[in-house]
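Numbers here simply count residues along the sequence, with the first being 1. Because only heavy atoms are used, hydrogens play no part in the values below, and waters and symmetry mates are left out as well, while side chains stay in.
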Amino acid sequence: MVHEMIDGTYRQTNLPNESPEYLAKREELRLAEIELLKTRERVAALRRGLPKGATIQDYQFLEGPTSLDEGDGPVRKVRLSELFSYAPHPNPLPRGEGEKAPDRSLVIYHFMYGKKQTTPCPMCTAWIDAFNGVAHHIAQSVDLAIVAAADPSTLRAHARERGWDKLRLLSAGESTFKYDLGSEDGEGHQDSTISVFTRDSDGTLRHFYSGHPWLADDVKERGIDELNPIWNVLDLTPQGRGKWYASLEYGTRVQASSG
């Protein structure tokens, strides 16, 4: 019965006691879900089709040791260009197998922490929790890093509390990176943003895309919802999103069912 069209309804289960009213509404929902899928694909295609973005400078960041277990020093300077990794070219040039192709994009999440934002943003923290959980999957196709205004030791201390062990954690230091990309104002107030960068074959760095929670004056916190599985899971339930809001108070513990 599941995956069969019966009486005008594409069945999702083998349950024999689903009411006609339920089945009719579930079919209406299924068709809406298909339209949502098509809309997502259209939006993604529009994004992929953006023309070449503005050229940008090779910003300098500060980064601690690879492992959070190694303390916070020494701190090294790293350029934006060094955050790109390269996959072997599918058709190596005559110069040999070492030829590389700039075929990966760099995704940076701007973390609201540092300067005027003296405590870590709870919602940003939830986003980064999710990124850390899937970082090994993302790394198969793109490079990912987290950038905050906070100094390396402060950023890494919060990362240890959260268990962010699969992410590159960078301080923007004295650079204008966050201001230029719109995640910081002239007074040091922070905002969450996600940015994508590309690198031309000649090494030219370009901004490809940036997204903010604020999409419009009346859309102030929904602009990057699709990047976080929390909302998608909550939206599956009859309770929906409710009044849930991320908090640092519950940490990383999971409350198991009492049965």
Side-chain angles (χ1 to χ4, degrees), residues 59 61-72 75 78 80 83-85 104-173 175 177-179 181-184 188-197 209-214 220-234 241 244-254:
Y59 294 97
F61 306 99
L62 301 176
E63 184 177 31
T66 302
S67 173
L68 292 172
D69 296 330
E70 297 176 8
D72 298 328
V75 173
V78 58
L80 181 71
L83 301 180
F84 288 85
S85 62
R104 288 169 67 93
S105 295
L106 168 65
V107 178
I108 291 182
Y109 185 82
H110 303 239
F111 182 19
M112 291 176 62
Y113 191 20
K115 295 187 178 179
K116 294 293 186 179
Q117 182 81 30
T118 57
T119 58
C121 168
M123 195 62 76
C124 284
T125 296
W127 255 249
I128 301 172
D129 285 344
F131 290 146
N132 189 75
V134 297
H136 52 298
H137 300 295
I138 295 173
Q140 304 309 306
S141 299
V142 301
D143 297 307
L144 174 67
I146 309 299
V147 172
D151 62 80
S153 61
T154 301
L155 173 60
R156 291 169 67 85
H158 184 59
R160 286 189 191 95
E161 293 179 1
R162 306 303 300 191
W164 295 342
D165 57 353
K166 298 182 179 70
L167 299 169
R168 294 196 73 167
L169 304 168
L170 307 167
S171 169
S175 77
F177 174 78
K178 294 185 95 276
Y179 177 82
L181 276 298
S183 68
E184 180 179 298
H189 296 98
Q190 304 296 302
D191 192 9
S192 54
T193 300
I194 192 156
S195 297
V196 181
F197 303 93
Y209 169 84
S210 282
H212 305 265
W214 289 48
K220 297 182 178 181
E221 288 193 315
R222 302 291 302 276
I224 55 176
D225 279 11
E226 291 296 320
L227 304 180
N228 196 314
I230 296 172
W231 304 119
N232 295 295
V233 173
L234 294 179
R241 302 184 180 198
W244 178 85
Y245 205 85
S247 170
L248 299 180
E249 293 183 3
Y250 55 77
T252 57
R253 68 180 183 273
V254 176

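Checking side-chain atoms of Ser171 against main-chain N and O of Ala150 turns up a donor-acceptor pair under 3.5 Å. In this structure, Arg156 contributes its side chain and Pro65 its backbone to a donor-acceptor pair below 3.5 Å. Within the 3.5 Å criterion, the main-chain N or O of Ala139 finds a donor-acceptor partner in the side chain of Arg104. Remark: side-chain polar atoms of Lys178 are paired, donor with acceptor, to backbone N or O of Ser183 under 3.5 angstrom.
Here the closest heavy-atom approach between residue Tyr113 and residue Thr118 is recorded as CE1-O, 3.6 Å. Of all the heavy atoms in Gly173 and Leu62, the pair that sits closest is CA-CD1, 4.2 Å. Minimum heavy-atom separation, Gly182 to Thr193: O-OG1, 4.1 Å. Of all the heavy atoms in Ser192 and Ile224, the pair that sits closest is OG-CD1, 4.5 Å.
Side-chain contact between Glu161 and Leu248 is absent, with no heavy-atom pair separated by less than 4.5 Å. Taking the side chain as every heavy atom from C-beta outward, Tyr109 and Leu167 never approach each other to under 4.5 Å. Contact check for His158 versus Thr125: side-chain heavy atoms found under the 4.5 Å cut-off. Side-chain atoms of Leu68 and Leu169, non-hydrogen and from C-beta on, do get closer than 4.5 Å to each other. Side-chain atoms of Leu170 and Ile108, non-hydrogen and from C-beta on, never get closer than 4.5 Å to each other. Residues Val75 and Glu63 form no side-chain contact, since every pair of their non-hydrogen atoms from C-beta on lies 4.5 Å or further apart.
Using modelled atom types, one finds no donor on one side chain facing an acceptor on the other under 3.5 Å when comparing Lys115 with Gln190.
Glu226 meets the salt bridge (charged side-chain N to carboxylate O under 4.0 Å, His left out) test with Arg40; sequence neighbours excluded. Phe177 is linked by a ring pair (Phe, Tyr, Trp, His ring centres under 6.0 Å) to Tyr59, Phe61, His110, Phe197, counting only residues two or more places apart in sequence or in another chain. Shown here are the side chain to side chain contact (heavy atoms under 4.5 Å, CB included) partners of Tyr179, two or more places apart in sequence or in another chain: there are none. The side chain to side chain donor-acceptor pair (under 3.5 Å) search around Glu221 returns Tyr245, not counting sequence neighbours.
Listed by first then second residue, pairs satisfying salt bridge (Lys or Arg N to Asp or Glu O under 4.0 Å) with a partner in residues 145-155 number zero, not counting sequence neighbours.
Crowding of Trp231 atom CH2: a count of heavy atoms from other residues, nucleotides or ligands under 6.0 Å exceeding 12.
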Legend entry - side chain to side chain contact (heavy atoms under 4.5 Å, CB included) assessment of Asp191 paired with Met112: CA-CA 6 Å; Asp191 192 9; Met112 291 176 62; 4.3 Å; yes

Report all side-chain donor-acceptor pairs from residues 129-137 shorter than 3.5 Å, counting only partners two or more places apart or in another chain.
residue : atom : partner : partner atom : Å
Asp129  : OD1  : Arg162  : NE           : 3.3
Asp129  : OD1  : Trp164  : NE1          : 2.8
Asp129  : OD2  : Arg162  : NH2          : 2.5
Asn132  : OD1  : Asp165  : N            : 3.1
Asn132  : OD1  : Lys166  : N            : 2.9
Asn132  : ND2  : Gly163  : O            : 3.2
Asn132  : ND2  : Asp165  : OD1          : 3.3

